[in-house]
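Shown next, in structure tokens, is the structure this report addresses.
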Amino acid sequence: MKQPENNSKTAAFLTHELRSPLTSILCSLQLMKEEAAQGNTQNQAMLLDAALRNAERLNLLIDDVMDDSKIQAGRMKMKATAIDPLEIVRETALSLQPWALRRKIGLTVKAGKQLPLVQTDAKRTLQALTNLISNALKFTPEGGNITISVDRGIRDQSGMVVFSVTDTGPGLSQDEVQSVFRYFVQGKKGEERNDGTGLGLPLARSFIEMLGGMMWAESTPGMGAAFRFTLPQAIGDAESPTPASSSVRANTTSRP
Ligand SMILES: Nc1ncnc2c1ncn2[C@@H]1O[C@H](COP(=O)(O)OP(=O)(O)OP(=O)(O)O)[C@@H](O)[C@H]1O
Ligand SMILES: [Mg+2]
């Protein structure tokens, strides 16, 4: 992963990123105190909700910064075991389903036949996949579709399993296909709110590379984006425990 070019610039940027949700929390709490002193209950729920959302944002940001520090210091430990790739995909999709429902975006899971197990760290793979699906949810307009697919790699990816997250959003320019994996690079604003930092993709790519895979983006601007990564098959795994189905829509498909 590419190191941030200038450490003091990075520190200043992060301080700013941490300060804005903290300032919002402080303002909300101050206003709540005033409302409570006047016995005014009307706006309190709204202020509490804003404080909570900013606290969650702060929490996620701190997790990302800590993960990054561990990677840079070479202290990020991976616990790779043989895991069913479809299970990771399903679990991630299910956890993001409420967000997809709220944004009226269809979430579909597709799996190739007889998938082999992957040798990976479940927590970090889930985190990488969550970052990709969250981005797709953030940048795809309402009514769009996201497909998460997992299949056996072919040709130069043989021996690997390929995970893909494709969406019907605005896509990426040729430059963005490369640059979005750099630290703090942010292009277009999300459909919902502009609360990103530009850490999600560099962290996701670092995790996957540490696990022996690769991550990249493909896009025709205006035609959606595809983010893909590979992970190695578990050693000695012949065939998978997954059913021989080619498309799993079931409970991970939402189309309000
Ligand atoms: N599915 C997508 N469609 C279009 N643009 C995308 C997509 N995913 C990422 N991008 C672009 O790549 C940029 C970097 O993504 P990244 O996940 O690193 O940061 P972020 O989502 O802005 O913030 P963070 O992940 O730190 O909350 C985004 O700001 C956006 O411009
Ligand atoms: Mg992101």
Side-chain angles (χ1 to χ4, degrees), residues 52-53 55-57 59-61 63-64 67 78-152 161-169 190-193 195-196 199-201 203-205 207-208 211 213 215 217 224-231 233-234 240-256:
L52 261 176
R53 258 190 289 116
E56 276 161 18
R57 167 86 201 118
N59 202 17
L60 287 177
L61 187 55
D63 280 351
D64 278 358
D67 282 348
M78 297 283 176
K79 274 188 235 137
T81 53
I83 292 171
D84 177 356
L86 185 54
E87 211 168 282
I88 301 182
V89 167
R90 278 190 175 136
E91 196 180 327
T92 320
L94 277 176
S95 73
L96 292 166
Q97 182 77 339
W99 188 1
L101 277 171
R102 184 161 59 78
R103 300 237 36 244
K104 298 185 172 56
I105 289 175
L107 209 57
T108 306
V109 171
K110 286 187 176 167
K113 286 181 184 164
Q114 308 220 307
L115 288 173
L117 298 177
V118 286
Q119 188 72 20
T120 195
D121 179 304
K123 179 179 165 193
R124 298 306 178 183
T125 308
L126 203 129
Q127 202 174 336
L129 199 54
T130 300
N131 284 349
L132 299 187
I133 304 172
S134 309
N135 279 348
L137 282 165
K138 216 157 56 164
F139 296 104
T140 303
E142 243 182 59
N145 280 296
I146 296 170
T147 305
I148 310 146
S149 48
V150 56
D151 212 342
R152 197 182 271 273
V161 170
V162 185
F163 297 72
S164 303
V165 178
T166 52
D167 63 51
T168 55
E191 289 282 322
E192 277 211 306
R193 50 198 167 159
D195 62 359
L199 275 172
L201 287 176
L203 278 177
R205 182 185 256 183
F207 291 150
I208 296 304
L211 288 161
M215 182 181 282
F227 283 83
R228 303 190 207 279
F229 65 88
T230 56
L231 283 174
Q233 289 181 19
S240 128
T242 51
S245 66
S246 58
S247 174
V248 184
R249 293 179 70 94
N251 50 2
T252 42
T253 303
S254 76
R255 203 76 187 89

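- Taking 4.5 Å as the limit, some side-chain heavy atom of Leu132 sits within range of a side-chain heavy atom of Phe229.
- The minimum heavy-atom distance between Ala226 and Thr166, with the atom names listed, is CB-CG2, 3.4 Å.
- With sequence neighbours excluded, no residue forms a ring pair (Phe, Tyr, Trp, His ring centres under 6.0 Å) with Phe207.
- Counting non-hydrogen atoms of other residues, nucleotides and ligands closer than 6.0 Å to CD of Gln127 gives a total above 12.
- Side-chain atoms of Asp121 never come within 3.5 Å of backbone atoms of Ala80 as a donor-acceptor pair (strictly under, hydrogens ignored).
- For Ala82, the side-chain contact (heavy atoms from CB on, under 4.5 Å) partners at least two apart in sequence or on another chain are Leu117, Gln119, Ala234.
- The CZ atom of Arg152 lies 12.5 Å from the NZ atom of Lys113; values are rounded to the nearest 0.5 Å.
- With sequence neighbours excluded, the residues that form a side-chain contact (heavy atoms from CB on, under 4.5 Å) with Thr230 are Gln157, Met160, Val162, Met214, Trp216.
- The distance from atom CG of Leu211 to atom NZ of Lys79, rounded to the nearest 0.5 Å, is 12.5 Å.
- When all heavy atoms are compared, the tightest approach of Arg103 to Lys138 is NH1-O, 4.1 Å.
- Taking OG1 of Thr125 as the start and CD of Glu87 as the end, the distance is 12.5 Å to the nearest 0.5 Å.
- Residues passing the side-chain hydrogen bond (donor to acceptor under 3.5 Å, both in side chains) test with Ser164, sequence neighbours excluded: Arg228.
- To the nearest 0.5 Å, atoms CG (Leu107) and CG (Leu101) are separated by 9.0 Å.
- Heavy atoms only, all atoms of each residue included: Val150 and Val161 are closest at CG2-CG1, 3.6 Å.
- Nearest heavy atoms, Gly169 versus Pro141: CA-CD, 3.8 Å.
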Stepwise side chain to side chain donor-acceptor pair (under 3.5 Å) check, Thr168 with Thr140: CA-CA 6 Å; Thr168 55; Thr140 303; 5.2 Å; no
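- Side chain of Asp167 to backbone of Ala225: a donor-acceptor contact under 3.5 angstrom is found.
- Residues satisfying the side-chain hydrogen bond (donor to acceptor under 3.5 Å, both in side chains) criterion with Thr92, sequence neighbours excluded, are absent altogether.
- Sorted by first then second residue, the salt bridge (charged side-chain N to carboxylate O under 4.0 Å, His left out) pairs that include residues 122-131, not counting sequence neighbours, are Asp67-Arg124.
- Side chain of Arg90 to backbone of Pro85: no donor-acceptor contact under 3.5 angstrom is found.
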Leu201 vs Asn131, side-chain contact (heavy atoms from CB on, under 4.5 Å): CA-CA, chis, key distance, verdict: CA-CA 7 Å; Leu201 287 176; Asn131 284 349; 5.7 Å; no
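- In summary, of the residues considered (Ile208, Thr81, Leu126, Ile88), a side chain to side chain contact (heavy atoms under 4.5 Å, CB included) with Thr120 occurs for Ile88 alone.
- We find the CG-CG distance between Leu52 and Asn59 to be 11.5 Å, quoted to the nearest 0.5 Å.
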Step-by-step side-chain contact (heavy atoms from CB on, under 4.5 Å) determination, Val165 to Asn135: CA-CA 10 Å; Val165 178; Asn135 279 348; over 6 Å; no
Residues Phe163, Ile148; criterion side-chain contact (heavy atoms from CB on, under 4.5 Å); working and verdict: CA-CA 7 Å; Phe163 297 72; Ile148 310 146; over 6 Å; no
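- Glu56 contributes atom CD, which lies 13.5 Å from atom CG of Leu61 (distance to the nearest 0.5 angstrom).
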Step-by-step side-chain contact (heavy atoms from CB on, under 4.5 Å) determination, Ile146 to Ile105: CA-CA 7 Å; Ile146 296 170; Ile105 289 175; 3.8 Å; yes
